[in-house]
Structures are given as C-alpha cells and as structure tokens.
Visitor: 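Attaching a single structure in structure tokens format; questions to follow.
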There are 2 protein chains.
Amino acid sequence: MTSPEPAPEFNLEDFLPYRLSVVTNRVSRAFASRYEAAWGLAIPEWRVLAVVGSFAPLSAAEVCDRTAMDKVKVSRAVARLVRRGLLERRRDGSDQRVQLLSLGPKGREVYEGVVPMARAIEGALTAALSPGERKNLLRALDKLDSCVAELEDRATSPWD
Amino acid sequence: MTSPEPAPEFNLEDFLPYRLSVVTNRVSRAFASRYEAAWGLAIPEWRVLAVVGSFAPLSAAEVCDRTAMDKVKVSRAVARLVRRGLLERRRDGSDQRVQLLSLGPKGREVYEGVVPMARAIEGALTAALSPGERKNLLRALDKLDSCVAELEDRATSPWD
DNA sequence: CCGCTATAGTTACAATTGAAACTAAATCGC
DNA sequence: GCGATTTAGTTTCAATTGTAACTATAGCGG
C-alpha cells in the first residue's frame, strides 16, 4: 500500500515567500556589510540618511512612511545619527512635538558618498537583469505588495 | 547659484534592494502571523518542519542547506520542535555526531495541515500574478541570487 | 596507535528587534 | 476654557538573532 499518503512532496524551493526571503536576505546582508565597512552605517541608519538627504526637512513620522520602518527603529537610527553629528534635529515652530530632521555638513558629506555607492550597487545588481526584467521585477513586487496589503485588511482570509 | 549641487534626488522607492526588503518583510510578517495563529510555529520552525516532512530522514546540516538558515537557527528550531513532540531525533549509526530528523506522528499531523496552508498562501499571493509573471519573478530572483553570490566571492568589488 | 585538523551540533553572550508602556504636546467635544 | 482623546517620539522589557566559543566525534598523516 503506497497510496494512503497524498505524498505532497512539498518543495520549499518553489515556495514564493521562502524564495523571496532567502534572496532578499542575501542581498541585504551583502550590501549591509559594504555600508558598514565604508561609513559605519547600519541599514536603518543608511535608510534614514538617504531619505533625509533627499527630502529634508522631514519629521520622524515622514521618515517612517518613506522607509517603511516602524517608529521605534527610526527613533533609534535618528538618535545614533544625531549623536554622530550627521543629522540635525530641531523642533517645529507650529507643533512642538515634531522634530524636523536635516543633514548637517558632515551628514551631507556622507550622503554625497552614499548615493553614488547606492547607484553602483543597483548597477551591479541589475547587471544580471535586462532593463525589461528589472522593470517587470519591480512591477511584480508592487503587485505582491498590494496583494498582501489587501489580505491584511480583511481579517478573515482564505486560509484562516 | 543653484548649480553647485549635483542634486541627485536619490529616491529610495526605486532602489531595488530596498524594494525587495520592504515587500519581503511585509509578506513574511503577514504569513508568519498565520502560522503562529494556526499552529504556534515561528518561521524557522515552520521551515524545518516543511523540509523534514518532505525529505526525512535528514541531518541538521542538510536542513541548513535546504532552508538557507544557519546552523544555530536550525539547532534552536529543532530543539523546540523536539520539545513539543513534533520531531524525532536519533543518532546515525555510522557517524555519532549527526542526528537524523524525522516527523513523529504528531509532527506528521501538523505537516499535513501545514502543506495545504502553504499552497493556499502561495495561491493567494500569486493570484495577483499571471503564471508567466510568477515564473519571471522567480527567474529574476534566481539571477539576483547568483549575481550576489558572485559578488560575495570576489573580495574586491566594483564599489569598494 | 596518536596527535592534528575538520565537522556536527550546542551553548554563551552581546546586539537588534518589536510590543507595549510612557511623556509631552495638540486637538476635539462640550 | 478644560477634561478626554490623539499624535509624535522615546523608553523599557522580553524575545530573536548572530558571532564566537565550546563539546564531541571523525578522519587523516605519520
């Protein structure tokens, strides 16, 4: 009797969330070590620096939105960057709760170095992909993203 | 004088490693909460259970290979699963260092529930994607993966 | 056989993380 | 105006994680 088992042979390699996770972690880890080596920046710090450099002045909450990191992580990253003199923080005139963030001179200097490196990374990474493939990849990610967001909303989901 | 700045306008949203990371984390988080709610399994445990269920008997090292998790994580996940009575662990005859893992009756039961759920998740997720898109996505991930692996190898990289 | 190196897996410790509690300022309802 | 609720941001605490050290067994060279 070899048939009572449905013998599903579930293969993790073909499971999309798993595949995503493995590749993403490899990519992140690989590049985190570069930021770290070059400027002593951890990923959350790197991200904060990048968005503040591009969109300053900016509140912590706006940084949360733009980086998709929660406020605790942002708060800690900002604190470290301020302590290191890369970021400046001043209270907003109209609302004394928010603190507007901007790059200090030192922070701008680092930012000017960080952006080209990011572009180089992007280039090296997508060297493996044609422009069309890259675009499709990003589109697919967007679709997954909104799909997940939708599922999150509905408390009751197909696999509950 | 508005021109001394190269005004790079670096946009994080278009930065592939970032995009990957955000989407992947959302997906992982969303599904982790389902495993957790349904069986009290954390992601590492879920993964170990999945590969042991499909490929038992298996050593911890083989689980590492198949799940891309490091041996500490695997060791801890296995320990928890054994403690909960889902996994069985016995010494290999020929090599007293390795422990072969397999599902206990209770583990098999959970496994039989877990696999359909995984398929449902996969289905819900790729509902947003056509079969072609899904395939292209996986192919693109593979390409990125080997690209990163290659860059890792060469100690000296384009952006050092 | 015996020391040496390598491998399987675990343990210890420090750093990172997230959930929840917290502080302070703003806004809403009345 | 003023108590109740909301929002910005920080802090605390417990859990998860990774690095490195460790234990135990295997295999290799002589």
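The chains referred to below are lettered A, B, ... by the order of the sequence lines, with proteins before strands, and numbering in each begins at 1. The figures here come from the full heavy-atom set of this structure, side chains too, leaving out hydrogens, waters and symmetry mates.
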Visitor: For DNA chain C, note the earliest and the latest nucleotide, 5' to 3', having some atom under 4.0 Å of a heavy atom belonging to chain B.
Guide: dA6(C) to dA12(C)

Visitor: Please give me every residue in residues 75-90 of chain A whose heavy atoms get under 4.0 Å of an atom in DNA chain D, ordered by residue number.
Guide: Ser75(A), Arg76(A), Arg89(A)

Visitor: Taking the side chain as everything from C-beta on, heavy atoms only, tell me whether Arg84(B) gets closer than 4.5 Å to Leu41(B).
Guide: yes

Visitor: Any idea which heavy atoms bring Glu133(A) and Ala128(A) closest together, and the distance?
Guide: OE1-O, 4.0 Å

Visitor: Five pairs per end, C1' atoms only: what is the angle between the end axes of the helix from dC1(C)-dG30(D) to dC30(C)-dG1(D), to 10 degrees?
Guide: 20°

Visitor: Whether the side chain of Arg108(B) engages the backbone of Leu103(B) through a donor-acceptor N/O pair (distance < 3.5 Å, no angle test) should be reported.
Guide: no

Visitor: Between Gln99(A) and dT10(D), is there a contact of a side-chain N or O with OP1 or OP2 at under 4.0 Å?
Guide: yes

Visitor: Could you pull out all residues at least two apart from Asp145(B) that satisfy side chain to side chain donor-acceptor pair (under 3.5 Å)?
Guide: Arg19(A), Arg26(A)

Visitor: Distance-only check: which donor-acceptor pairs under 3.5 Å involve side-chain atoms of residues 71-80 of chain A, not counting sequence neighbours?
Guide:
{"from": "Arg80(A)", "atom 1": "NE", "to": "Glu45(A)", "atom 2": "OE2", "distance (Å)": "2.7"}

Visitor: Check which hydrophobic residues are tied to Val98(B) through side-chain heavy-atom contacts below 4.5 Å, counting indirect links as well, and list them.
Guide: Leu100(B)

Visitor: At their closest point, which heavy atom of Ser102(B) faces which heavy atom of Val52(B), and how far apart are they?
Guide: CA-CG1, 3.7 Å

Visitor: Provide a list of protein-nucleic acid N or O atom pairs under 3.5 angstrom, restricted to nucleotides 1-7 of chain D.
Guide:
{"from": "dT7(D)", "atom 1": "O2", "to": "Arg97(A)", "atom 2": "NH1", "distance (Å)": "2.6"}

Visitor: Of all residues at least two apart in sequence or in a different chain, which pass the ring pair (Phe, Tyr, Trp, His ring centres under 6.0 Å) check with Tyr35(A)?
Guide: Trp46(A)

Visitor: Applying side chain to side chain donor-acceptor pair (under 3.5 Å), name anything that partners Arg66(A), two or more places apart in sequence or on another chain.
Guide: none

Visitor: For the residue pair Phe15(A) and Leu20(A), establish whether any side-chain heavy-atom pair is separated by less than 4.5 Å.
Guide: no

Visitor: Quick one: side chain to side chain donor-acceptor pair (under 3.5 Å) partners of Asp95(B), sequence neighbours excluded?
Guide: Arg97(B)

Visitor: Contact list please: residues 63-72 of chain B against DNA chain C, heavy atoms, distance less than 4.0 Å, in numerical order.
Guide: Lys71(B), Val72(B)

Visitor: I'd like to check the side chain to side chain donor-acceptor pair (under 3.5 Å) partners of Thr126(B); sequence neighbours left out, ordered by chain and number.
Guide: none

Visitor: So which atom in Arg34(A) and which in Ala30(A) form the shortest heavy-atom distance, rounded to 0.1 Å?
Guide: CG-O, 3.4 Å

Visitor: Indicate whether the side chain of Tyr111(B) and that of Ser54(B) have a donor and an acceptor atom separated by less than 3.5 Å.
Guide: yes

Visitor: Tell me the closest heavy-atom pair linking Thr24(A) and Ser21(B), and the distance in Å.
Guide: CG2-CA, 3.5 Å

Visitor: 5'-most contact on DNA chain C: Lys73(A) or Ser94(A), nearest heavy atom basis?
Guide: Lys73(A)

